[in-house]
Amino acid sequence: MSIDDRPIEPAPGSPIGRPTSRRDARDKVTGAARYVAEFRPEGMLHAVLVTSTVPAGTIGAVDTTRAEAMPGVRLVLTHHNSAALAPPPLYPFGAAFQSLLPLQDDKIRFSGQAVGLVVADTVEQATDAAARVRVDYHTAAFVPGASAPGATSYGAEDCGQIAEAVPNYARGDAEAALAEAPVTLDLTYTTPRHYHCAMELHSTTARWEDDGTLTVWEPTQWTAGTQTVFAAWFKLSLEQVHVISPYVGGGFGSKCGSHPHAALAAMAARELGAPVQLVLTRPQHFTCVSPRPATSNRVRLGAERDGKLTALTYDSVNEVSTDNLYVEPSGGLATLYYDVPHVRVDYRFVPVNAVSPASMRAPGEAVGSFALESAMDELAAALGLDPIELRLRNYTEHDPVTGKPWSGKNLRRAYEAGARAFGWHDRDPRPGSMRRGSELIGWGMAGGSFPTYVHPCAATVRVQADGGVEVVSGGSDLGTGTYTLLAQTVADVFGVDTDTVRVRLGDSTYPYAACSGGSMLAGSLTPVVHQAATLARDELLTLAAALTGTDAGDLEVSGGRVQQTAQPGTGLSLAEVLGRSGRTVVEGAYDTFTGVSAEDQAKFHGTLGLIRLPTAGPYSVYSWSAVFAEVAVDEDLGTIRLKRLVGAYDCGRVLNPTTARSQLMGAMVMATGAALLEAGVVDPGLGRLANPNLAEYMLPVNADIPDIEVLFVGEPDPHANPLGARGIGEMGMTATIAAIANAVHHATGKRVRDLPILMEKML
Ligand code: MOS
């Protein structure tokens, strides 16, 4: 299998790379954009979950009679009367984050697990009735968290067939090198459960059609993935499942696949012969949707006195559920970020009674860059070296894991540009030495990276009878700019205004697109759209040449006309070309499933089986970042305020600086939450989350966020993909947490190695 790698060079003045506002923005702020929960098929009923109040054990007696007698109630499902569901394809191979099949047995795995579903005419009736379903439990012993008594861990050796999912790594002899190193550090950094908290609630609206097919409206980052999961649950063919998801109001990884509750909406709809909508409550997002797991990250560094690293070990432990393995790959950065001869990375897992964790923005690197780059800051302080200088002394010009050259690495430039914009060279390195009135000022920096993945995609570009140009793709836009980017790409080929290009997205019947996750959609899809548009344009030129008796090579498409090259205003409009040729549509279809058989395309549909890894080719393809933070800590009150953030990013070619900047800023805000505010707090006695709501799970608000400056220091990377763009979505989530943590240390001299950094942890 190979993915088309022929470079595409946008024309001078191309809309590709031009700052362009999101075309969906106006519709979203005026309410014209319809999110999926606003699709209300005729006769739709409302479903509400009943969830477990205990963290482990079995369900005893269940009494649904009071609920069933409530007005408007149509159905109450429990494990006693639910239809059978078949197992879905599991992450990371498939798009189901949890193996848990809801309402299939009497086992309680965690507090908040679905134990019933009530369907009624209105959501209020269903909510009221759900509160009257009585469930008794036989509670069993449980493990509330990784550090609780009774918690045990397992490693790759205990993972059997899925051991290869554990990315343990070694080069050289790290233990021996540590024993010989003149300078060593042994530090452990811990992070709590993090929740995606997308503005748009997770919801599923399901309707069974007369022909036995299933239509699902669900916000998803991956229509094909969601399609495969529903097909598996209900033993349908892919063609029998139609997923519709035109807008996604934030996902951050939580909408890369489906969670068990979604099956219940479809199960109830089939039972009732009517469409059913299930919208999770905000608290249910903390127990039904897979979060980022709590992690522990032990970092040991061995170095020469000049700061040159000789050894690095990284021992990662993350919480998992009692059902599933999920690896938070936080040690990835440790394998490749620095030029260290002796490295070992090991992962272990602690089963706890909580919902299965899964991917959240920059899986691995978000917490991994916090640990590694905090440890490097501690080493710099121990050696009296400037943090940037320490990093430069360990800079690696090639990938130390594969030995391959980087496809592009402007990390030096990121350090320099970021430092200059921030004013880093005015920093007094002594902790507590910089102050403003009663505030201690701290400046910290850190670096990060994220791999660039490419997945085969397909797209269709059509020129309609009226001369309008549209592009159709099954890809998603979760507020990141896919609609806008695809319009820019088509506009580049047709020489028309970006605004005039129609874009249709988010439907599983549209041409196959990769997950809008892993920062891979834009880089995977835009080259395909460019090629599809070029095919459609070339056919138009051929038609116009025949109509006008000219050579197609002497014609161009520009400004909505086919004209003689460099003779604007001549020739025919696109509508005239179609009309006079007797055509209602001219279509260009393109895909990058080169060399993949139809059988394999079907087999790997909605999986990551065909993904191209960052190290698959002759180069290692990664994005790079350097982030600088200023904090002010009130000496009397201990309050920590973020004052400034500057992020310098090398993400290859920037396809749209406006949307790219927005994505990076958004992730820097998200990282600020992780650094200073966010934590899922577990009640150890009850084994349940104590703060499953947006009042007590603290997210940053506008008042918490100061000026953020985003710098782009990259250049087109022809080895990444034909348009030379590397991933952006996850990149803003790298480095920022550590930069803030390092700034807090610089302000106060206190090192907090447990997120979030709270004033009471500095006492
Ligand atoms: Mo990203 S965590 O793959 O949406």
Side-chain angles (χ1 to χ4, degrees), residues 90-98 191 193-200 202 218-226 229 245 247-259 285 289-293 295 318 326-330 332-333 356-370 448-455 457 475-482 505-506 513-525 606-608 611-614 622-623 651 659-660 662-664 666-671 673-674 678 726-734 736-737:
L90 266 186
Y91 185 87
F93 187 72
F97 282 138
Q98 303 171 35
T191 69
R193 294 178 200 164
H194 287 150
Y195 296 85
H196 307 78
C197 299
M199 289 281 284
E200 180 200 28
H202 285 252
E218 180 167 298
T220 176
Q221 295 173 238
W222 195 12
T223 52
T226 299
V229 173
S245 182
Y247 295 107
V248 182
F252 317 115
S254 72
K255 291 167 182 164
C256 281
S258 289
H259 304 268
H285 282 69
V289 175
S290 297
R292 190 199 305 282
T295 73
N318 69 255
Y326 167 75
V327 184
E328 180 74 24
S330 54
L333 206 61
S356 295
S359 63
M360 181 167 157
R361 204 169 197 173
E365 271 73 4
V367 296
S369 64
F370 162 60
S449 83
F450 199 82
T452 296
Y453 300 100
V454 180
H455 194 283
C457 286
S476 294
D477 188 333
L478 55 159
T480 46
T482 314
L505 290 175
C515 181
S516 185
S519 300
M520 70 179 148
L521 185 63
S524 298
L525 185 56
T607 80
L608 298 177
I611 201 166
R612 186 170 77 188
L613 298 174
Y622 287 78
S623 287
C651 301
T659 54
S662 293
Q663 269 204 79
L664 290 164
M668 291 165 87
V669 171
M670 200 173 200
E678 293 182 47
R726 298 198 299 259
I728 283 180
E730 331 269 347
M731 275 305 292
M733 197 68 200
T734 65
T736 302
I737 301 173

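Every number for a ligand or one of its atoms is a count from 1 in the order of the listing. What you see is a predicted model; the values in this text were computed from it and never measured. Every heavy atom of this structure was used, including side-chain atoms; hydrogens, water molecules and symmetry mates were not.
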statement: Of all heavy-atom pairs linking C515 and C256, the shortest is SG-SG, 3.5 Å

- line: Taking every heavy atom of L608 against every heavy atom of W222, the minimum-distance pair comes out as CD2-CH2, 3.8 Å

query: Is a donor on one side and an acceptor on the other found under 3.5 Å between the side chain of T452 and the backbone of R726?
result: no

field: Close-contact set for ligand 1 against C256 heavy atoms, below 4.0 Å
entry: 3 (O), 4 (O)

message: Can you tell me if G251 contacts ligand 1 (heavy atom of the residue under 4.0 Å from the ligand)?
response: no

- request: Please step through side chain to side chain contact (heavy atoms under 4.5 Å, CB included) for the pair E328 and T191, ending with a clear verdict.
  value: CA-CA 12 Å; E328 180 74 24; T191 69; over 6 Å; no

Structural part of S519 in contact with ligand 1, heavy atom criterion under 4.0 angstrom: neither

- prompt: Heavy-atom contacts under 4.0 Å between P363 and ligand 1: side chain, backbone, both, or neither?
  reply: side chain

- line: Numbered in order shown, the ligand 1 atoms found under 4.0 Å of a heavy atom of R361 are 2 (S)

- prompt: Just by modelled atom types, is the K255 backbone N or O under 3.5 Å from a matching donor or acceptor in the Q221 side chain?
  reply: yes

field: Close-contact set for ligand 1 against Q221 heavy atoms, below 4.0 Å
entry: 4 (O)

query: What class does the angle between the rings of Y326 and Y91 fall in, given that below 30° is parallel, 30 to 60° is tilted and above 60° is perpendicular?
result: tilted

message: If the cut-off is 4.0 Å to any non-hydrogen atom of F252, which atoms of ligand 1 fall inside it?
response: 2 (S), 4 (O)

- prompt: Identify the closest protein heavy atom to atom 1 (Mo) of ligand 1: which residue and atom is it, and at what distance?
  reply: E730 OE2, 3.0 Å

query: To the nearest 0.1 Å, how far is atom 3 (O) of ligand 1 from its closest protein heavy atom, and which atom is that?
result: G518 N, 2.6 Å

